[in-house]
Participant: 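Sharing a structure, written as structure tokens. Questions coming.
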Amino acid sequence: MDSLEQRKKRARSVLTTLMKRTPDARTALRHRDAFELLIATILSAQCTDKKVNEVTEGLFERYPGPAELASADPEELQAILRPTGFFRQKSKSVQATSIALLERFGGQVPDTMEALTSLPGVARKTANVVLGQWFGKPEGVVVDTHVRRLSQRLGFTEHDEPEKIEADLMSLFPKSKWIPLGSVLILHGREICAARKPACGECPVADRCLRMGVS
DNA sequence: CTCCCGATAT
DNA sequence: ATATCAGGAG
């Protein structure tokens, strides 16, 4: 049986190879400050980052900050967010989070997991994005649909629940790698290891993939 | 567990 | 036609 140390070594070699291809991987969500990143990440649920960027451009022009978003007309806000899907839920989350920022955090985005996940529409994944990509203070690993899929294909986890996958990744990788780990897996998942049609011929870690030989 | 939900690729 | 896209709440 593989020991934990062996699995760590193997996992870290995979990340090293992937980082060699995309050393500058980071969020593709367009943002100028923590607030814009937080809102963009809330909107990114089950939606491509490309579509989110198209929407946030107009969104932040119309509502530059939490104060403007907090007092926005719900129907007008929904119309702007519609292309991202789940637009009623997202409108509520975005507006309620803006109000919570004003009422409880002086209009500033907090920099702890506990505070971030207390915001409506913000759970561990969104909090991890903001903590890692803006504050550089990771308290965990971003686990989205790409990270889940690649973690399974690359043998980093056997679980299906994001919380358990995150725990596995946190035990396999040192904290110093948690930020690039999420960014690199997501970029690799988008560009090469796609859900439907993975380009295994172009994959630098195909030799270390559990999926090797499958379709 | 179900529901939220539009846009795009296959 | 269907799967998938930087998930979260009830």
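Residue numbers begin at 1 in each chain, while the letters A, B, ... track the order of the sequences.
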Participant: Mind checking ring-ring contact (aromatic ring centres under 6.0 Å, His included) for A:F173 and listing every partner two or more places apart, or none if nothing turns up?
Facilitator: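 Result, ring-ring contact (aromatic ring centres under 6.0 Å, His included) vs A:F173: A:F156.
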Participant: Find which nucleotide of DNA chain B each of A:T48 and A:K197 is nearest to by heavy atoms, and output the residue with the more 5' nucleotide.
Facilitator: A:T48
Participant: In whole Å, what is the span from the NZ atom of A:K51 to the C1' atom of B:dT8?
Facilitator: 8 Å
Participant: Scan residues 54-108 of chain A for pairs that pass ring pair (Phe, Tyr, Trp, His ring centres under 6.0 Å), counting only residues two or more places apart or in two chains.
Facilitator: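 Qualifying pairs, neighbours excluded: none.
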Participant: In whole Å, what is the span from the NZ atom of A:K90 to the P atom of B:dC5?
Facilitator: 9 Å
Participant: Would you mind listing every salt bridge (charged side-chain N to carboxylate O under 4.0 Å, His left out) that reaches into residues 178-196 of chain A, with sequence neighbours excluded?
Facilitator: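 Applying salt bridge (charged side-chain N to carboxylate O under 4.0 Å, His left out) to every pair that reaches into residues 178-196 of chain A, excluding sequence neighbours, yields A:R21-A:E191, A:D49-A:R190.
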Participant: Between atom CZ in A:R149 and atom C1' in C:dC5, what is the gap in whole Å?
Facilitator: 10 Å
Participant: Under 3.5 Å, is there an N or O donor on one side and an acceptor on the other linking the side chain of A:T145 and the base of C:dA6?
Facilitator: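 Looking at the base of C:dA6, it does not pair with any donor or acceptor on the side chain of A:T145 (distance under 3.5 Å).
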Participant: According to a cutoff of under 5.5 Å between the ring centres and under 30° between the ring planes, does A:F86 stack with the base of B:dC5?
Facilitator: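 Answer is no, no stack.
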Participant: Among residues at least two apart in sequence or on other chains, which ones pass ring-ring contact (aromatic ring centres under 6.0 Å, His included) with A:W178?
Facilitator: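 Here no residue qualifies.
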Participant: Is there a donor on the side chain of A:R196 or the base of B:dT10 sitting less than 3.5 Å from an acceptor on the other?
Facilitator: yes
Participant: Nucleotides 8-10 of chain C: which of its N/O atoms have a protein N/O under 3.5 Å away?
Facilitator:
| unit_1 | atom_1 | unit_2 | atom_2 | d |
| --- | --- | --- | --- | --- |
| C:dG8 | OP1 | A:A123 | N | 3.2 |
| C:dG8 | OP1 | A:T126 | N | 3.0 |
| C:dG8 | OP1 | A:T126 | OG1 | 2.6 |
| C:dA9 | OP1 | A:G121 | N | 2.9 |

Participant: Give me the residues of residues 53-74 of chain A where at least one heavy atom lies under 4.0 Å from an atom of DNA chain B, by number, or none.
Facilitator: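 Within residues 53-74 of chain A, no residue comes under 4.0 Å of DNA chain B.
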Participant: Under a plain distance cut-off of 3.5 Å, with no hydrogens placed, do A:T41 and A:Q133 share a side-chain donor-acceptor pair?
Facilitator: no
Participant: Does anything in residues 166-189 of chain A pair up under salt bridge (charged side-chain N to carboxylate O under 4.0 Å, His left out), and if so which pairs, sequence neighbours excluded?
Facilitator: A:R124-A:E166
Participant: Which value, in whole Å, describes the distance between the C1' atoms of nucleotides C:dA6 and B:dC1?
Facilitator: 24 Å
Participant: List the steps and the verdict of side chain to side chain contact (heavy atoms under 4.5 Å, CB included) for A:D33 and A:E36.
Facilitator: CA-CA 5 Å; A:D33 52 44; A:E36 291 193 355; 3.3 Å; yes
Participant: Can you check the A:D49 CG to B:dT8 P distance for me, whole Å?
Facilitator: 13 Å
Participant: Which residue pairs satisfy the salt bridge (charged side-chain N to carboxylate O under 4.0 Å, His left out) criterion with at least one member in residues 141-162 of chain A, sequence neighbours excluded?
Facilitator: A:E161-A:K164
Participant: Using whole Å, report how far CD1 of A:I39 lies from P of C:dG7.
Facilitator: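 The answer, rounded to whole Å, is 16 Å.
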Participant: Rounded to the nearest angstrom, tell me the gap between atom CG in A:L81 and atom P in B:dC5.
Facilitator: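 Rounded to the whole Å, the gap is 11 Å.
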Participant: With sequence neighbours excluded, what pairs up with A:E139 under the salt bridge (Lys or Arg N to Asp or Glu O under 4.0 Å) test?
Facilitator: none
Participant: Could you give the distance separating C:dT2 and B:dC5 at their C1' atoms, to the nearest angstrom?
Facilitator: 15 Å
Participant: My understanding is that only residues two or more places apart in sequence, or in another chain, count here; which of them pass ring-ring contact (aromatic ring centres under 6.0 Å, His included) with A:H31?
Facilitator: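 Scan of A:H31 (ring-ring contact (aromatic ring centres under 6.0 Å, His included), adjacent residues dropped) gives A:W134.
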Participant: Where along residues 156-194 of chain A does a heavy atom fall under 4.0 Å from DNA chain B?
Facilitator: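 Correct list: empty, so none.
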Participant: What nucleic acid atoms does A:A28 come within less than 4.0 Å of, heavy atoms only: base, sugar-phosphate, or nothing?
Facilitator: base
Participant: Rounded to the nearest Å, what distance is computed from the CZ atom of residue A:R88 to the P atom of nucleotide B:dG6?
Facilitator: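 One finds 7 Å between P of B:dG6 and CZ of A:R88, rounded.
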Participant: Specify the separation, in whole Å, of atom CZ of A:F87 and atom C1' of C:dG7.
Facilitator: 17 Å
Participant: Quote, to the nearest angstrom, the P distance that separates B:dC4 from C:dA1.
Facilitator: 23 Å
Participant: Applying salt bridge (charged side-chain N to carboxylate O under 4.0 Å, His left out), which residue pairs with at least one partner in residues 84-100 of chain A are found, sequence neighbours left out?
Facilitator: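 Sorted result for residues 84-100 of chain A: empty, none.
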Participant: Out of A:T16, A:L18, A:T17, which one pairs with A:K20 under the side chain to side chain contact (heavy atoms under 4.5 Å, CB included) rule?
Facilitator: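 When A:T16, A:L18, A:T17 are each tested with A:K20, the side chain to side chain contact (heavy atoms under 4.5 Å, CB included) holds only for A:T16.
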